[in-house]
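Worksheet: one structure, shown below.
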Amino acid sequence: MSTASTETSLPSPAATVRVIASPQSWVEGEAVRQLEAVARLPGMKAAVGLPDLHPGKGAPVGAAFTSEGLFYPYLVGNDIGCGMGLWDVGMLARKAKAERWASKLEVEGPWNGDVEGFLAEEGVKPSGFEGALGTVGGGNHFAELQRVDAVHDARAFAELGLEADRLLLLVHSGSRGLGEAILRAHVDRHAAGGLVAGSDEARAYLTRHDHAVAWARANRALVARRVLDGIGAPARRVLDVCHNSVTPRREDGALRWLHRKGAAPADEGPVVIPGSRGALSYLVAPVGDGTGSAYSLAHGAGRKWTRTAARERIKERFTAESLTRTSFKSHVVCENKDLLFEEAPQAYKAIDRVVTDLVEAGLVKVVATLAPVLTYKTRSHEE
DNA sequence: ATGTAC
């Protein structure tokens, strides 16, 4: 097996550090240093880097951490509940009007429907951030209409109720200002410090965290609804998974805390691992018991260049206009030019390698590959 | 990542 994993035992507390990535899947040294630093935190049991591991603000992204006795809100980060939702669209892919949709589709600002009613249907309480419910957000968030490129596991594909000739909609978004407010309130008191499990403060954080996770899921559902209203098609939610969270988990007879920071769950059924907007996305099914990977998977391709580097390098070689089409002939709606350059496919690692690493590590099987048809980022010119 | 930091 070409997948290399390194096990490092550290002096007390002995947390396991493991990076699941082949030598072909280049991981920045800084990301591994951040992973090792997290492993030295009090109570930490395991720190696992997935093949999309890359440096973050203090803690790395593309990683999962388990701890005992206390947990760390800053490891979850500001976008509590961020994740991926996939919808099966009731329209044949060959009927897609990508060019027309690219010119008229608009998912910006507060939704003018019954927001409270929508939240009630989703079983979620209002948060005070409802003006942002149903908005994509910035950074690497998107809503993308996709077609099925190839089915690799016909049975698993059919079990999801999917058909190869139909359009799909993938939404990557989170809890917008809500998660940010929750993290800020915590950091104001505790900085990067953890919370003692079972304490009043831990309980209060987890209540707010769980609400943000549910609200983020509802946010993805409303983004999907607005896109589907825009193209005039019905849809069914196929899956929705969160890749930024902390959850309790019984392991080795103890109560542990599983932090996921840009790590998809390996214990909730199939997930989509998106490439960049100019690459395939992978619908995969977890394999194995997850114990060696902290029950987690890669959540995307992972950034190769920083946003600043991407802006500089890609501006030299491409016009903004040329970046609104991809090698798949798909369309990109992104009227913020800086964001268009920052999120260019060239700024990301190759998703194929990331997924191959997961397959070779015995963590997933590929169900299908999905190709972009239309990627929606923003119509806003704000920088 | 963020109705964006001071």
Side-chain angles (χ1 to χ4, degrees), chain A residues 31 34 38 52-64 72-85 106-112 115 119 126-143 171-188 191-192 205 208-209 211-213 215-220 222-223 226 241-246 259-264 274 276-277 298-311 334 336-343 347-348 376-383:
Chain A
Q34 289 183 345
V38 170
D52 59 335
L53 183 71
H54 58 282
K57 202 178 159 188
V61 183
Y72 295 86
Y74 97 95
L75 293 181
V76 178
N78 64 308
D79 199 359
I80 302 164
C82 187
M84 300 278 172
E106 186 158 339
V107 184
E108 302 294 329
W111 186 47
N112 58 18
V115 179
L119 276 179
S127 69
F129 290 83
E130 276 63 44
L133 193 78
T135 59
V136 173
N140 57 2
H141 289 174
F142 62 81
V171 177
H172 176 204
S173 188
S175 56
R176 312 292 278 105
L178 173 59
E180 167 74 16
I182 295 169
L183 179 67
R184 198 179 326 114
H186 168 79
V187 166
D188 284 349
Y205 171 82
R208 302 185 79 192
H209 163 283
H211 180 217
V213 168
W215 195 92
R217 181 181 161 97
N219 181 43
R220 289 186 287 278
L222 187 52
V223 168
R226 294 175 86 176
V241 294
C242 165
H243 53 228
N244 288 348
S245 66
V246 57
H259 308 69
R260 291 191 174 111
K261 177 57 174 174
S276 68
R277 68 194 184 212
H299 81 312
R303 203 163 250 296
K304 184 172 69 183
W305 297 341
T306 64
R307 291 183 177 278
T308 310
R311 272 200 306 274
C334 184
N336 175 334
K337 282 189 184 173
D338 277 345
L339 189 59
L340 187 66
F341 290 115
E342 291 167 11
E343 291 290 313
Y348 283 87
Y376 186 96
K377 298 285 287 180
T378 182
R379 285 240 180 256
S380 164
H381 293 72
E382 279 175 45
E383 321 252 302

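Just so we're on the same page: letters track the sequence lines, and every chain starts at 1. Keep in mind that the numbers below use all heavy atoms, side chains included, and drop hydrogens, waters and symmetry copies. Note that the coordinates shown come from a computational prediction; the quantities given were computed from them, not determined experimentally.
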Distance flag, aromatic centroids of A/His209 and A/His186, threshold under 6.0 Å: no
Length of the line joining A/Leu133:CG and B/dT2:C1', which is rounded to integer Å: 16 Å
Atom pair SG/NE2 of A/Cys82 and A/His243 - distance to nearest 0.5 Å: 3.5 Å
Atom-pair distance (CG on A/Leu339; C1' on B/dT4), nearest Å: 14 Å
A/Phe129 CZ - B/dT4 P separation (whole Å): 10 Å
Integer-rounded Å distance: B/dG3 C1' and A/Asn78 CG: 14 Å
Single hit among A/Arg176, A/Glu108, A/His141 for side chain to side chain donor-acceptor pair (under 3.5 Å) with A/Thr135: A/Arg176
Distance, rounded to the nearest Å, where A/Arg184 contributes CZ and B/dG3 contributes C1': 11 Å
Sugar-phosphate, base or nothing in reach of A/Gly137, heavy atoms under 4.0 Å: sugar-phosphate
For atom CG of A/Asn336 and atom P of B/dG3, their distance in whole Å: 15 Å
Sugar-phosphate, base or nothing in reach of A/Gly131, heavy atoms under 4.0 Å: nothing
Sugar-phosphate, base or nothing in reach of A/Gly262, heavy atoms under 4.0 Å: nothing
Whole angstrom value for the distance that separates P of B/dG3 from NE2 of A/His141: 11 Å
Whole-Å gap separating P (B/dT2) and CG (A/Asp188): 19 Å
Side-chain N or O of A/Arg176 closer than 4.0 Å to phosphate OP1/OP2 of B/dG3: yes
Sugar-phosphate, base or nothing in reach of A/Gly77, heavy atoms under 4.0 Å: nothing
Whether A/Tyr72 and A/His259 hold their rings parallel, tilted or perpendicular, with breakpoints at 30° and 60°: tilted
